[in-house]
Amino acid sequence: MNYIVLDMEWNQPYNEQALITAPFAFNSEIIEIGAVKLGDDFEAVDEFSTYIRPTFYPVMMGAVVRLTRIWPKLLEEAPAFPEAYEAFRTWCGPDFCLCTWSTTDIRVLLDNLIMHGVPTEPSPLFCDLQRVFGRELLRERRQCSLEAALSILGLKGERAHDALHDARNTVLVCGRMELADCVDEYITSYVNYEQDRLDGLIGGVTVPAATDIRRDSALGTFPCPYCGGAVTLGGWAEAGGGLLYGSGMCAEEHEFLARFKFRRAGKAETTVKRLIFDMSDDLWDTYQQALEQAES
């Protein structure tokens, strides 16, 4: 398997009225991909970089230009997203895992695939390096920015907010994490992301406050991406902070973890967000902790 350290930059609508709201609220259009391929010893062996000509937000937001130094002229002759993504996938190779600092880039990537009509299945495997850093090096569960991680390790990185520079900076941090010993525990993928995005579940749907997710078939079931059969969630565990976990297994025994996030939207309403993951060793540990917390 090729481990691809990925970073991206994206443009946003220049004002609230310009926001595209259908088929979902789309506010991050990728304009640059930077990536570093790691070899068997987790050392850098190749690089990929491309600008992308925006389709949905062709007017560059001023704050994005100032932050990234990506001027509109740099994008005029760049490939459109489908062409750039195809080149990136070819470069990644047939078997790969995307390694990103936090999961934001993965969700932005999937959103762009949906908007451009590019298939999202099979959903790419990914590893959240921010999570690995916190748990394996800091031994804490707090999030840490890439810039903070470089500082903690005494590393001097390249200029931030350039996709290839940030990918290289991430590789510097990877060099201190002994990934060969732990990375497989953190590899997962999103399940049913496109349909959940189109149904509003990724951004959040508003339901009556009395809705019991455990008994709501629309929220507690989904199709298995491997066998196509229905997966029904169970083994519910509340984790505090408005989090609820549920697990499920298909007929072929592929196991999944769903995470629900609740937020009060009014006296009689609640906003619910759902993300479903392929179960990993790391997610299994998180789930077991939630179960123990719920039973105590």
Open item on the list: Is there a path of hydrophobic side-chain contacts, each under 4.5 Å between heavy atoms, that joins Ile52 and Leu67?
Closed with: no
TODO: Please find out if less than 6.0 Å separates the ring center of Phe277 from that of Phe256.
DONE: no
Open item on the list: Show the nearest heavy-atom pair for residues Val36 and Leu164, with the distance to one decimal.
Closed with: CG2-CD1, 4.3 Å
TODO: Look at Arg69 together with Asp162 and state whether they make a salt bridge at an N to O cut-off of under 4.0 Å.
DONE: no
Task: Donor-acceptor under 3.5 Å (Asp196 side chain, Leu201 main chain) - done: no
- [ ] Not counting sequence neighbours, list each pair that qualifies as a side-chain hydrogen bond (donor to acceptor under 3.5 Å, both in side chains) and has a residue in residues 126-142.
- [x] Arg131-Asp282, Arg131-Thr286, Glu136-Tyr186, Glu140-Arg142, Arg141-Gln289
Task: Results of salt bridge (Lys or Arg N to Asp or Glu O under 4.0 Å) for Asp105 - residues two or more places apart only - done: none
Task: Closest non-hydrogen atom pair, Thr270 against Ala209 - done: OG1-CA, 3.5 Å
- [ ] Kindly say whether Arg263 contributes a backbone atom to a donor-acceptor pair with the side chain of Lys273 at under 3.5 angstrom?
- [x] no
Open item on the list: Starting from Leu257, can I reach Leu233 by hopping between I/L/V/M/F/W/Y residues whose side chains sit under 4.5 Å apart?
Closed with: no
- [ ] Tell me, yes or no, whether the heavy-atom count around Gln143 atom CD, taken from other residues, nucleotides or ligands under 6.0 Å, exceeds 12.
- [x] no
Task: Shared hydrophobic cluster for Tyr193 and Met8 (ILVMFWY, side-chain gaps under 4.5 Å) - done: yes
Open item on the list: Does anything in residues 221-245 form a side-chain hydrogen bond (donor to acceptor under 3.5 Å, both in side chains)? List the pairs, not counting sequence neighbours.
Closed with: Arg214-Glu238, Tyr226-Asp278
Open item on the list: I need the full list of side-chain hydrogen bond (donor to acceptor under 3.5 Å, both in side chains) pairs touching residues 39-66, with sequence neighbours left out, sorted by first then second residue.
Closed with: Asp46-Trp91, Glu47-Arg168
Task: Whether His165 side chain and Arg159 backbone form a donor-acceptor pair below 3.5 Å - done: yes
Task: Closest non-hydrogen atom pair, Gly220 against Arg274 - done: N-NH1, 4.3 Å
Task: Donor-acceptor contact below 3.5 Å, side chain Gln293 vs main chain Ala239 - done: yes
Open item on the list: Minimum heavy-atom separation for Leu291 and Ala237, please, with both atom names.
Closed with: CD2-CB, 3.6 Å
Task: Qualifying residues under side chain to side chain contact (heavy atoms under 4.5 Å, CB included), relative to Phe56, sequence neighbours excluded - done: Ile20, Phe26, Glu29, Met115, His116
- [ ] Check Asp7 against Glu9 and note the closest heavy-atom contact, atom names and distance.
- [x] OD2-OE2, 3.4 Å
Open item on the list: When you measure from the side chain of Asn192 to the backbone of Gln195, do you find a donor-acceptor pair of N or O atoms at a distance under 3.5 Å?
Closed with: no
TODO: Verify the cluster assignment for Phe48 and Ile30: are they in a single hydrophobic cluster under the rule of side-chain heavy atoms below 4.5 Å apart?
DONE: yes
- [ ] Measure across Leu172 and Gly157 and return the closest heavy-atom pair with its distance rounded to 0.1 Å.
- [x] CD1-CA, 4.1 Å
TODO: For Ser247 and Tyr287, test the side chains for any donor-to-acceptor distance below 3.5 angstrom and give the result as yes or no.
DONE: yes
TODO: Check the hydrophobic clustering (I, L, V, M, F, W, Y; side-chain heavy atoms under 4.5 Å; chains of links allowed) and say if Leu38 and Leu137 are grouped together.
DONE: yes
Task: Arg107: partners by salt bridge (Lys or Arg N to Asp or Glu O under 4.0 Å), with sequence neighbours left out - done: none
